[in-house]
Amino acid sequence: MSDHNHDELIPVPDIRLGPKATSVERVSGVIGALGLLLCVAAYFANRQEFFQSYLFAFIYWSGFAIGGIGVLLMGNTVGGIWCVTSRRFLEAKMRTLPIVFLFFLVLLLGLKDIYPWTHPDLVAHSPYLHQRQPYLNVPFFIARIVLYFAIWLFWGMRLYRMSDRQDATGDPTLRERMRAFSAPGLLIFVLTATFAYFDWILSADAQYYSTVYGAMILIGDVLQTFALTILVMVLASRGDRFGGRINYSVLHDLGNLMFAFTIFWTYLTASQLIITWPANLPQELQWYLDRVHGFWKWMAAFVALTMFAIPFLALLSQARKRDPQRLIRVAIWLLVARLVDIFWIVMPTFRDLSPSAPLATSKGFTIYWTDFAAFFGLGGIWIYVYLRQLRRRPLLPLRDPRVSPPMPEVLA
Amino acid sequence: MATPENLKVSELPEIPDPGADEILGPGHNYATVTERIGGIVYTPWKRWPGKWWIGAIISFIFVNLLMTAMYVLFFRGIGTWGVNIPIGWGFAIINFVWWIGIGHAGTLISAILFLLRQDWRTSINRFSEAMTLFAVACAGMFPILHLGRPWLAYWLFPYPNSMWLWPQPRSPLEWDVFAVSTYGTVSLVFWYCGLIPDLASMRDMAPHPWQQRIYGILSLGWRGSAIHWHRYQKAYLLLAGLSTPLVLSVHTIVSFDFAISIIPGWHTTIFPPYFVAGAIYSGFAMVLTLIIPLRSWYNMRDLITLRHIDAAAKFMLGTGLIVAYGYSMEAFMSWYSGDPYEKFMYWNRITGPYGFTYVLLILCNIALPQSLWSRRVRHNIGLVWVLSLIVNVGMWLERFVIVVTSLHRDFLPSSWGIYIPTKWDWATYTGTLGFFMLLIFLFVRLLPSISIFEVREVVHHIAHPREVYTEKQL
Amino acid sequence: MSQELVLSELPAIHGAMAEFDTPEELLAACERARAAGYRRMDAYAPMPVAGLAETIGYKRNKVAFCVLIGGICGAMFGFGLLEWMTVVAYPHNVGGRPLNSWPAYIPITFETMILFASLTALFSMLAMNGLPKPYHPVFNVPAFDRASIDKFFLCIESSDPNFRIEDTLQFLRDTGAREVTVVPA
């Protein structure tokens, strides 16, 4: 398809983010600051509602950082032009982990508003919560999450520094070292991220358990990470600033990966349903009953349609995966769909009346203003930090021989 | 154009392995690869390696054992097997799942690696597709034998019968009927589609008219027209694209056979992805088990190189780790669930009467294969071969653990039981092993076991590196 | 045998054929033939050659479309069959599950979709290629045996309006062919 062995002749240009990105950065910073102010107001107005909204926003926005380190480790392990070319975009996502950790520290203030296992009276009355007590208790919870972040940052930052060193020295051995370092990291990452989602979301449900749950959320993270990466890469290369290095071939690969992970996400989600539905066990099925009760049912249908049916049909087309303008439309679509998906997964635990939801704040589907406050507050700050990180370095690795070679077919 | 030297295949000059960076030995052109691969089939019987004869005869003996076991089963009934309530599934389902899993690597190597543009697949895809077909044939036998009245197997299909009865499509066992029959059919189509141009090569190099006639009929008059190639490639790509979700769906449905139930140890949502990964794991192990001796017997070290073995070993390691992830999730959730049956099941799995199988399983599937992290191990072909055998055993044990330990402790202690496979269980199982091996031996005798036209493409790619992608791009 | 002998003795001619050693030579010859105004021709290769079919004027590959139709038919057949079986033909209560148990029908629907699509892929490809074809004139050329081994051929067919046997043979010789022959019908 493409050539790989004469790109040393053409140096990779040191291109940074353009001025438009700076204004986006400023705007999102302002939105984030305003959102955070509203969050403070929400905290005092209705603490419980606020923290529940906050969890939803936290899961959505942290998904990019966690997906970023995950895709980086995966790409380094399996290798590929797509990963080297999009590495800076992934590294910048990984570099938002510290701010995501700050977001998590705020969440600690509201553990009692989210997690039934922090309430001794609830624990005493529920055999499920009672059983889980050695695992689900505040000190162990905090220790685990700190450990996850430490592991992710350790692996992420070492890769980040190796990548910097490669830019500076062009040391050819770094390629293999990054790969050798990433492979075990990927293994540990998958395990820690799985448990992070058990801790953050699954444990908010007072009875539900599902072995595929962590993998299902994690694969969705990877999907949203690919969508955002494609979006930002295409926007950053407007006017062909990279001299044909971000070209249809790379986009085609990324589009295919986005397609594959759409299918993978659907596969895990659908198999969880197909296994739970016929078994009809009360402790499991309640999770689905909460999520198809009243308006939630329409949301479920919406998620199935927007996370699977439409992107699947859209990405079947080879031409669309090679056309940046049409591809980013699918990416934006998926980013919005994932938002609804996360809302549908996280919120019914707090907005429904069932044995699974002892801390509910409403009897059925509701949207509070705190949802918007938390979403825009965290989102604005996250995008601000992400773009600042992206701006610090050249957008393409300067001395990796595997970075996509220039192609005559330029992006519009 | 059969091997020109008047030598036995085993006496041909030793061809060195070009090493871990190459997918083809030096000095090959379009004609030599055709001669080498097609020539194996056209080698006269007297120059055929003695190891082939020994292997084929041993396999044939086991096929007769299978026949005997089937005869005994039909004559005396399912009671000759060790299955009894509460362990109603036993060897039949263990071996069914094991075989079908082995089949999956064939489709994976052919289809997924084709889509991922991994060039190292070319030398082993034909062989692994054949392996898929034969493994599915072995797998399909077990549920049918297990029916009790296998001659009524057609009842499984929906057809308008005189009593207007229809099968129950809410049952995963009915899903299996569709999944396995579709899988068998599509694997055959994919394999045959890949064979058509090579059958034409075989036709054109046949030393005898009768061979020319047989391969001529099978090749459907293929003449290599550019427009035909264009449609052919599209069809092949689409078949690869269709086989990929198919192979995932088949083992997913096999996992549903267990997961749809409410048996602790079976009913768990991680089953689909971890069954699929396990299938690919055992399949890669079987590919390695077979190609490592094959390449040495037939002097094909320059066609199936260390690179192929290294890549397959890495795949084995990766899928093995996904399987390990599945075990950890199962273990954690059985505790986290708070369900006493779940907890008891897992504890019993480790410490109960079948605890040793669990320990062996962890050893074979998780612990020992970790040595594949080391490049030195991956490049030690003998060791990789031994590890591939260990993984085959481990994956068989996994199915044993899932089927037997989940069933033998029912909800009520009054319904507990112990399962001991009888000699006829073992005879049937080893019989299918013989059947599988015999088919493999016949396959390498009768058909080109490496895709010739794809190796020609590799020859062209190596000669014109600038115009093509190679694995280095990926 | 000499060219003259063949020309005088053959009642019908399928075309003129040139033999090449490499795919690049074949591609170049096809381009020249196309530029020279030939339209009815076919190139033969022992392996797929990128861009060859397009060079001799092939445009639309309809296999994918057929497969799409096959897949849709398969899915509709599978789901329709199950709905009909459980709701119309043989409705009965199984463990309190609804007659229309659609989540349980997903797997079989998927399988029939793949089955129909795959069979369509093979058979539509064969049908459009006109295979199986027990007889084809190009096999009359003895050297064509190697079209499936290591040689590359271009055949300009006599049905082409620009086909003049001597001119066409000369044209093929000029493309640098290793061998040029007449293909008897």
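Throughout, protein chains are lettered first and strands after them, A, B, ... in sequence-line order, and every chain is numbered starting at 1.
With a threshold of 4.5 angstrom between heavy atoms, C/Val67 approaches chain B through side-chain atoms but not through N, CA, C or O. Both the backbone and the side chain of B/Ile227 come within contact range of chain C, judged by heavy atoms closer than 4.5 Å. Heavy atoms of C/Tyr135 lying under 4.5 Å from chain B are absent altogether. With a 4.5 Å cut-off on non-hydrogen atoms, C/Leu26 does not touch chain B at all. Proximity to chain C (any heavy atom under 4.5 Å) is shown, for B/Trp166, by both the backbone and the side chain. For a residue to count as touching a neighbouring chain, one of its non-hydrogen atoms must lie under 4.5 Å from one of that chain's; by this rule C/Phe116 does not touch chain B. Of the two parts of B/Pro245, the backbone and the side chain both hold a non-hydrogen atom closer than 4.5 Å to a non-hydrogen atom of chain C. Using a 4.5 Å cut-off between heavy atoms, B/Glu454 does not touch chain C at all. At a 4.5 Å heavy-atom cutoff, B/Ile217 makes no contact with chain C through either its backbone or its side chain. Proximity to chain B (any heavy atom under 4.5 Å) is shown, for C/Pro134, by neither the backbone nor the side chain. Heavy atoms closer than 4.5 Å to chain C are found in the side chain of B/Leu238, but not in its backbone.
Counting heavy-atom pairs closer than 4.5 Å to chain C, the top-ranked of the candidates B/Val186, B/Asp176, B/Ile260 is B/Val186. Of the listed residues (C/Met113, C/Lys151, C/Lys62, C/Glu54), the one with the most heavy-atom contacts under 4.5 Å to chain B is C/Glu54. Counting heavy-atom pairs closer than 4.5 Å to chain C, the top residue among B/Pro169, B/Ala235, B/Pro167 is B/Pro169. The candidate with the highest count of non-hydrogen atom pairs below 4.5 Å against chain B, out of C/Ala117, C/Ser148, C/Pro132, is C/Ser148. Of the listed residues (B/Ala200, B/Ser225, B/Ala179, B/Gly221), the one with the most heavy-atom contacts under 4.5 Å to chain C is B/Ser225. Looking only at heavy-atom pairs under 4.5 Å with chain B, the residue among C/Thr86, C/Leu119, C/Leu115, C/Val138 that has the most is C/Leu115. Listed options B/Arg170, B/Lys234, B/Gln233 were ranked by heavy-atom pairs under 4.5 angstrom with chain C; first place goes to B/Arg170. Residue with the most contacts toward chain B among C/Ser124, C/Ala50, C/Ser101: C/Ser101 (heavy-atom pairs, distance under 4.5 Å). Chosen from B/Trp222, B/Phe256, B/Phe190, B/Tyr192, the residue pairing most often with chain C at heavy-atom distances under 4.5 Å is B/Trp222. Contact count versus chain B (heavy atoms, under 4.5 Å) is highest, among C/Pro103, C/Ser118, C/Ala121, C/Cys30, for C/Ser118. The candidate with the highest count of non-hydrogen atom pairs below 4.5 Å against chain B, out of C/Phe139, C/Phe153, C/Phe144, is C/Phe139.
Counted by atom type alone, B/Ser219 and B/Arg203 present one or more donor-acceptor pairs between their side chains at under 3.5 Å. A side-chain N or O of B/Ser201 and one of B/Arg456 form a donor-acceptor pair less than 3.5 Å apart.
Ring pair B/Trp164/C/Trp84 is perpendicular by interplanar angle, where above 60° counts as perpendicular and below 30° as parallel. In this structure, B/Trp229 and B/Tyr232 have perpendicular ring planes: the angle between them is above 60°, well past the 30° mark. Ring planes of B/Phe275 and B/Phe258: tilted class, angle from 30 to 60°.
With hydrogens and angles ignored, the 3.5 Å screen pairs no side-chain donor or acceptor of C/Arg173 with any backbone N or O of C/Val180. C/Thr168 places no side-chain N or O within 3.5 Å of a backbone atom of C/Phe163 that could act as its donor or acceptor partner. Without hydrogens or angle criteria, B/His104 side chain to B/Ile100 main chain gives a donor-acceptor distance under 3.5 Å.
B/His267 approaches B/Ile262 most closely through the heavy-atom pair CB-CA, 4.0 Å.
Using a 4.5 Å heavy-atom cutoff, the side chains of C/Tyr105 and C/Asn100 are in contact. Within the 4.5 Å cutoff, the side chain of B/His460 has heavy atoms near those of the C/Glu24 side chain. Contact of the C/Thr112 side chain with the B/Thr182 side chain is not registered, since no non-hydrogen atoms from C-beta on lie closer than 4.5 Å.
Taking the six-membered ring for Trp and the full ring otherwise, B/Trp175 and B/Phe178 have centroids separated by 6.0 Å or more.
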